[in-house]
Each structure stands twice: as C-alpha cells, then as structure tokens.
Protein chains: 2
Amino acid sequence: MARVETGRVRRPAAARREQILAVAADAFAVAGFRGTSLAEVAQKVGVSQPGLLHHFDSKESLILAVLQQRDLQDEQHVEAQFQGVEVTTREWLMAFCRRNETQPGLVRLFTVQSAESLNPAHPAHDFFYQRNQRVRERIARLIVADQEKGRLSPSLDPAATAAELVSLMNGLQLQWLRDPATDMCGLFETSLLRLEAVPGTKA
Amino acid sequence: MARVETGRVRRPAAARREQILAVAADAFAVAGFRGTSLAEVAQKVGVSQPGLLHHFDSKESLILAVLQQRDLQDEQHVEAQFQGVEVTTREWLMAFCRRNETQPGLVRLFTVQSAESLNPAHPAHDFFYQRNQRVRERIARLIVADQEKGRLSPSLDPAATAAELVSLMNGLQLQWLRDPATDMCGLFETSLLRLEAVPGTKA
DNA sequence: GTCTATAAAATGATAGAC
DNA sequence: GTCTATCATTTTATAGAC
C-alpha cells in the first residue's frame, strides 16, 4: 500500500538554507526588515513558516545570515580580480561600481538595510557600523598608496577623502535605485577623475 | 457637585495636530514607517490611539502629512535666506548642509524614509520620487547660472553634476548619522570647491 | 476632542507528530 | 526536515459614549 501523499519536499539542510537566504535577501531588499514577514518568505520558498524557522532560529538570525553571506560574496568577488596586482583607488572603486550595476537586488538590500539599521534596535546596527569603518579604512589605504606613487595629490586627506567617496558611492546607489536612468558608474568615474586632477604631485 | 475627573486634556484641533506631527516625525525618523506603531506615537503624545486617529484618518495620511510639513518648512527656511539675492551653487547647497547639521532628527527622518520609500508599496514612494526630481532640477539651474557667470566650467553637464551633488549630499547625511564624528559640511565644501576648480571658464 | 471597547488581521515563535 | 496546531502579542481601524 502506497504512502499517503504529504506534499512535502524534503531537501538537504544546506541546500534549503541557501534557498531561504536567496529568497529572504530579495524580500528584505524590497520591504526592509520590519516590512518583511517570515510567512511571506516561507511561502516563496515553498515551505511552512515553522519549517523555515527550523533552519534559522529567529528572524534576527535570518537577516544577519543574509547580510553576512552577501557581504562576503561581494568582497571576495572584487578582491579576487586584483589578486596580487597593483590597483589604483579608481580602479578598485569602479570595479565595485560596475559589479553593483549588474546586481540591483544586492544594492537595494544593502541600501535599504543600511538606512534601516541606523536604529540602534535594528539587529544589524553594529554590523553596518563595522562594515562602514572597514570600507573607509580600505579606501584610505588605497588613497595613501596612490599618493605614494604620485597618482593622487598629497594634499588630499586620506581618511576624509575615503569618507567622501564612500558617501558618494552610497548616495549614487540610492539615486540609481530610485531612478534607474541614473548613470551611476559614469557619474562616479567623473568624480574620481576630478579627484585625480587635483593639483600638487608633491612639492 | 463637581464633575467626574476624566483625565482628558482637550485641545484645539490645530494645536493637537501640530503636536502629533512633531512626535510622529521623531518616531518615524528612528524606527521607520513600518517600525513605528500608532499606539507608540499616541502614548508619547499623551492621547489614546483612537484619539490620534481622530486627527489623521490613517497611518498613511500621518506619514504623508509629516513629510510634507517638514519638507515645506525646510525649503522655505533656506530659500528665504536668499530672497532676491544672487546665490552660487555652493552657497545654496552649503546653506542646506549647515541647516541640516543643526537638525539631526530631520535629516534622519528623510534619510530613513527615503530608503524605505524605494518600495513602491510605501505610501511616500511617489513623494520622494517627485522631491528628488525637483531638487535635482533646482541644482541644475543653479549650475547653469554659475556657468553663465563664469563661476563654473562650461564643461560640466548641469543635470549630471546635479545628480552627483544630490547623491553626495544624501550619502554624507547617511555617513554623518551613522558616525556623528563625520564632518559632513566640511567634506561637502571640499568637494564643491574641487568642482569650482575644474578648468575651462569658456573657450 | 477624547475615551473605552472591540474587532479583525497579521506576526514571531513554540510544541509535538511524522 | 517538515508539517499542523496553537499561543501570545501587536497592530490598524471602527463603533459609539461623553
């Protein structure tokens, strides 16, 4: 006698986890953390809501897992391009920008969560603070290297310029998401070239 | 015989409305639209939740009223400074930046709502789209005027440069909110001065 | 103008079976 | 690994009294 049809699709935990992360990333990108319900994510995955919570203890652990995974993937992708090769600030930043241009969902996830996480009560509040510091420091180091090679004016303050470039990149992403006609990378490159044109290749 | 103490504080509708708008602006600024409950706002106002909904038909109408009021106040404040006077792009933008620096709550309201409203289902989705277009056009006109006076290089594309400056301003606000040590206006001015240094004051 | 009462729906999470 | 059942809250909104 045949088993009763239950409709369940049982999958390896790892595969299901990946699937959930992908669906959740999209949902959080569109509606934010508070605006996304576990039931909604579960339904899109094709699983019950308690079934979803079997893989992630809570909604908080889910958003953190999503952000950490995507952040790691993204960083690795770009850094891998320049393995051992010498990179200028502009090249490095433009590589990120160009990659972002092909991944609006990812950009949206980080842009929306970034603003939402300004709230100290947001589960990813610390995550975004740390991430921001890390990115600024990375860019500041690239700027210093460029200055040493005479590619950027020594009159530029590395930390301040890094903060400015991170801000511009974030702002351009927001602008691009709101109005996809925005030439995000074109505007960014124009600004970077203007930076390189600042006079004063050492006194 | 004395009337029974009800504990109610009855106020003129207009005054209560203003009070609600002020409290709601703070709440939406911190926790966003989805993250703020009417009960929370009502409690801080010192009124019951249905008492609050007597003044605003719904949560949606409340957030829209908050944004419209603040947007109007802000624009009027800065434009009033330059009544009839000729302003440069840099002066106009720096006036906004300096005012913003004194109003973190206001900046946070618009930064958080701006990102949250990327969601087409957000009540202020259209509001922010229109507002963004309006600001970009205003700045583009200032740039054209500066170019005509020889204060900015004619090689700059007004619309593109306006989009870049709006992006930078928005990004700097986010950066400043996340890390108050950021010298928002200082960084902005540095960038604006760099723009003015672009060579080519007409052929 | 403000309140109490209440509805109606949604949500995050747990218990326990299969 | 996934489900059904269920709970405790929270949340927006309405009805009707004062």
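Quantities reported herein were computed from a predicted structural model and do not represent experimental measurements. Letters A, B, ... are given to chains in the order of the sequence lines, protein chains preceding strands, and every chain is numbered from 1.
- B:E164 and A:T190 share no side-chain donor-acceptor pair at under 3.5 Å.
- Within the 4.0 Å cut-off from OP1 or OP2 of C:dG1, at least one side-chain nitrogen or oxygen of B:H54 is found.
- Comparing atom distances between the B:V47 side chain and each of D:dC3, D:dT2, C:dC3 picks out C:dC3 as nearest.
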Name the pairs: protein N/O against N/O of nucleotides 6-13 of chain D, kept only if under 3.5 Å.
residue, atom, partner, partner atom, Å
D:dT12, OP1, B:T36, O, 3.4
D:dT12, OP1, B:K59, NZ, 2.8
D:dT12, OP2, B:L38, N, 2.9
D:dA13, OP2, B:K59, N, 3.0
D:dA13, N7, B:Q49, OE1, 3.4
D:dA13, N7, B:Q49, NE2, 2.9
D:dA13, N6, B:Q49, OE1, 3.2

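- When rounded to the nearest whole Å, the span between CD of A:Q19 and C1' of D:dG1 equals 13 Å.
- The CD1 atom of A:I20 sits 10 Å away from the P atom of D:dG1 (whole-angstrom rounding).
- The distance between atom CG of A:L62 and atom C1' of C:dA13, rounded to the nearest whole Å, is 14 Å.
- Side-chain N/O atoms of B:R194 and A:S191 include no donor and acceptor closer than 3.5 Å.
- Side chains of B:Q113 and B:E116: a donor on one and an acceptor on the other come within 3.5 Å.
- Regarding contacts with the backbone of D:dT2, a side-chain N or O of A:R16 is found under 4.0 angstrom from either OP1 or OP2.
- Spacing between atom CZ of B:F56 and atom C1' of C:dT2 amounts to 15 Å, rounded to whole angstrom units.
- Between B:R138 and B:E75, none of the side-chain N atoms (NZ, or NE/NH1/NH2) sits under 4.0 Å from a carboxylate O, so this pair counts as no salt bridge.
- Residue B:R34 qualifies as open at atom CZ: its count of foreign heavy atoms under 6.0 Å is 12 or below.
- For the ring-ring contact (aromatic ring centres under 6.0 Å, His included) condition, the pairs that include at least one residue of residues 12-40 of chain B, sequence neighbours left out, are B:F28-B:F33, B:F33-B:H122.
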